Protein chains: 2
Amino acid sequence: MAAQQTNDGDPGTGSSAERLWSTSVGNDLAFLLARANALSLARMHTVLAPFGLRTRSYSVLSIAASDARPSQRELSDFLRLDPSQIVSLIDQLEGAGLVRREPDPRDRRANVVVATDAGRALVEEARRTVIDSDRAWFAVLSEDEREQLFSALHRLATGAAAQFADA
Amino acid sequence: MAAQQTNDGDPGTGSSAERLWSTSVGNDLAFLLARANALSLARMHTVLAPFGLRTRSYSVLSIAASDARPSQRELSDFLRLDPSQIVSLIDQLEGAGLVRREPDPRDRRANVVVATDAGRALVEEARRTVIDSDRAWFAVLSEDEREQLFSALHRLATGAAAQFADA
DNA sequence: AATAAATACTTGAAAATGTCAACTATTGAG
DNA sequence: CTCAATAGTTGACATTTTCAAGTATTTATT
């Protein structure tokens, strides 16, 4: 993916693929969404690498450090990951001493995932860097535009639109 | 991914993971971007399946059917895929009689990728379905909001923001 | 109350996708 | 002219995703 970080495909940079931005694909909202996401994921991987985290482990750790006390199933649904992927992520974090599994008093089939002190410290530190990177990355948008983007993406991301697609 | 199409993780649906939306992750623009994209990809796969296409093959075919006459390298940059992935995609489309490689008169190292008549017919048909699905999926946003979203995503997707992250 | 179906977590196999190295032929820079 | 860079390709290897099946527990049905 690192090799994909050049902006050769972007309009206005004098590169070879800029002609393709005038195709229907280049003007398709879903494509823009995917491409923006790909760029964002790439930068997140770079930002989180010094902490030994990746986007997904950072998300799990961050939620585990909150007051939410999530079950694995909740993490799976929220992050849209297969339960077995959650197992693997938690195994890694647990192995690194960053989270622990506790029996869920609400349901004996379930665990809740809780950050250790070390996990909390690490995610606190990582979060600062993430926030800085977010600020820089979205800085091309005005404050107003960022709020509008948040509002729109929140609706799309929560599946408010999915009721149509699933019908 | 089909098993992930339920809205269990979404707020307001009475599901188990809605508490997680009040965590910092649930309010992170980058996370919303990723989640919206995941939902969009899932629906695109469903929409394109009847045509024997997936998001990426649809994109390649669509561009090949345009007047752009893209080289493989241009496709690779634009779609942010490794050149070997482009080879594989084109092999499949070529095998299905949907595109062909032609020597690029501008550069003897290169090919241009061009849709066949069958490819054009298919992508025309698929495009209609995609447009309908896009309309339905983004319908939760007003016309104004969609334009704003387009503008914001275009800037983010073209890497206008990447200059900061790469520095 | 008993039985059946559904669910949480787990393991592991198989399938799919991504990354990278190395090659030939061609182009561009010095 | 020489050499470095590039386009496309092949294929090996690494990583991720998907899916099946198992145990234990909870929920729904009879």
Side-chain angles (χ1 to χ4, degrees), chain A residues 1-6 8-9 14-17 34 37-38 41-42 45 49 54-57 59-60 64 69-95 99-114, chain B residues 1-6 8-9 14-17 34 37-38 41-42 45-46 49 53-57 59-60 64 69-95 99-114:
Chain A
M1 187 64 104
Q4 301 287 341
Q5 289 208 359
T6 61
D8 289 348
S15 63
S16 64
N37 181 53
L41 282 183
H45 283 207
R54 304 275 301 273
T55 302
R56 284 175 177 171
S57 45
S59 296
V60 169
R69 295 179 58 86
S71 69
Q72 282 168 238
R73 184 69 213 200
E74 285 174 321
L75 285 169
S76 167
D77 290 338
F78 183 64
L79 300 175
R80 292 182 52 88
L81 296 175
D82 189 83
S84 61
Q85 291 174 282
I86 296 291
V87 169
S88 179
L89 274 172
I90 293 171
D91 281 350
Q92 286 163 39
L93 289 170
E94 199 174 31
V99 303
R100 60 177 184 268
R101 290 167 164 89
E102 290 179 4
D104 186 342
R106 301 168 297 184
D107 184 342
R108 281 195 296 184
R109 295 172 299 184
N111 302 316
V112 296
V113 183
V114 180
Chain B
M1 184 67 105
Q4 302 286 344
Q5 291 210 356
T6 60
D8 287 348
S15 63
S16 65
N37 180 53
L41 282 183
H45 283 203
T46 300
L53 298 170
R54 303 277 301 273
T55 302
R56 284 174 178 174
S57 45
S59 296
V60 169
R69 294 178 59 83
S71 70
Q72 282 168 242
R73 183 69 214 198
E74 284 173 320
L75 285 169
S76 168
D77 291 338
F78 183 65
L79 300 176
R80 292 182 51 90
L81 296 175
D82 189 83
S84 60
Q85 289 174 286
I86 295 292
V87 169
S88 177
L89 273 172
I90 294 171
D91 282 349
Q92 286 163 40
L93 289 170
E94 200 173 31
V99 303
R100 60 177 184 269
R101 289 168 164 89
E102 291 180 3
D104 186 343
R106 300 168 297 182
D107 182 344
R108 281 195 296 186
R109 294 171 299 183
N111 303 318
V112 296
V113 183
V114 179

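As a basis for the values below, the full set of heavy atoms in this structure was taken, side chains included, without hydrogen atoms, waters or symmetry mates. Quick caveat, the model's predicted, so the values are computed rather than measured.
For C/dC9, the base has no donor-acceptor partner in the side chain of A/Ser84 [N/O atoms by modelled type, under 3.5 angstrom]. Side-chain atoms of A/Arg108 stay outside donor-acceptor range of the base of D/dT25, with no qualifying N/O pair under 3.5 Å.
The side chain of A/Arg73 contributes an N or O atom lying less than 4.0 Å from OP1 or OP2 of C/dA8. The phosphate of C/dA8 (OP1 or OP2) has no side-chain N or O of A/Arg101 nearer than 4.0 angstrom. Close to C/dT17, at under 4.0 Å from its OP1 or OP2, lies a side-chain N or O of B/Arg54.
Residue contacts shown for A/Asp107 are limited to sugar-phosphate atoms, with no base heavy atom under 4.0 Å away. Residue contacts for A/Arg106: at a heavy-atom cut-off of 4.0 Å it reaches no nucleic acid atom on any strand shown. Residue contacts shown for A/Asp104 are absent, as no nucleic acid heavy atom lies under 4.0 Å away.
When all heavy atoms of B/Pro70 and B/Leu75 are compared, the pair lying nearest together is CB-CG, 4.0 Å.
Nearest to the side-chain atoms of A/Gln85 among the listed nucleotides D/dT18, D/dT9, C/dC9 stands D/dT18. Of the candidates D/dT6, D/dT16, D/dG8, D/dT6 carries the atom nearest the B/Arg109 side chain, counting heavy atoms from C-beta on. Side-chain proximity of B/Asp82 to the nucleotides D/dC19, C/dC20, D/dT9 is greatest for C/dC20.
A/Leu89 places its CG atom 12 Å from the C1' atom of D/dT17, with the value rounded to the nearest Å. In this structure, A/Leu81 atom CG and C/dC9 atom P are separated by 13 Å, rounded to whole Å. The distance between atom CG of A/Asn111 and atom P of D/dT26, rounded to the nearest whole Å, is 13 Å. Nucleotide C/dA16 holds its P atom 15 Å from the CZ atom of B/Arg56, rounded to whole Å. Atom pair B/Leu41:CG and C/dA16:C1' shows a separation of 15 Å (rounding to whole Å applied). C/dT17 atom P lies 15 Å from atom CG of B/Leu79, rounded to whole Å. Look at CD1 on B/Ile86: it is 15 Å from C1' on C/dT19, rounded to the nearest Å. In this structure, A/Gln72 places its CD atom 16 Å from P of D/dT25, rounding to the nearest Å.
Note that CD of B/Gln72 and CD of B/Gln85 are 13.0 Å apart. Values are rounded to the nearest 0.5 Å.
When atom types are taken as modelled, the side chain of B/Ser59 and the backbone of B/Thr55 share a donor-acceptor pair closer than 3.5 angstrom. The closest donor-acceptor contact from the side chain of A/Ser71 to the backbone of A/Val112 lies at 3.5 Å or more, if one exists at all. In this structure, A/Ser88 contributes its side chain and A/Ser84 its backbone to no donor-acceptor pair below 3.5 Å.
Both A/Asp91 and A/Ala110 lie close to DNA chain C; mapped to their nearest nucleotides by heavy-atom distance, the more 5′-ward contact belongs to A/Ala110.
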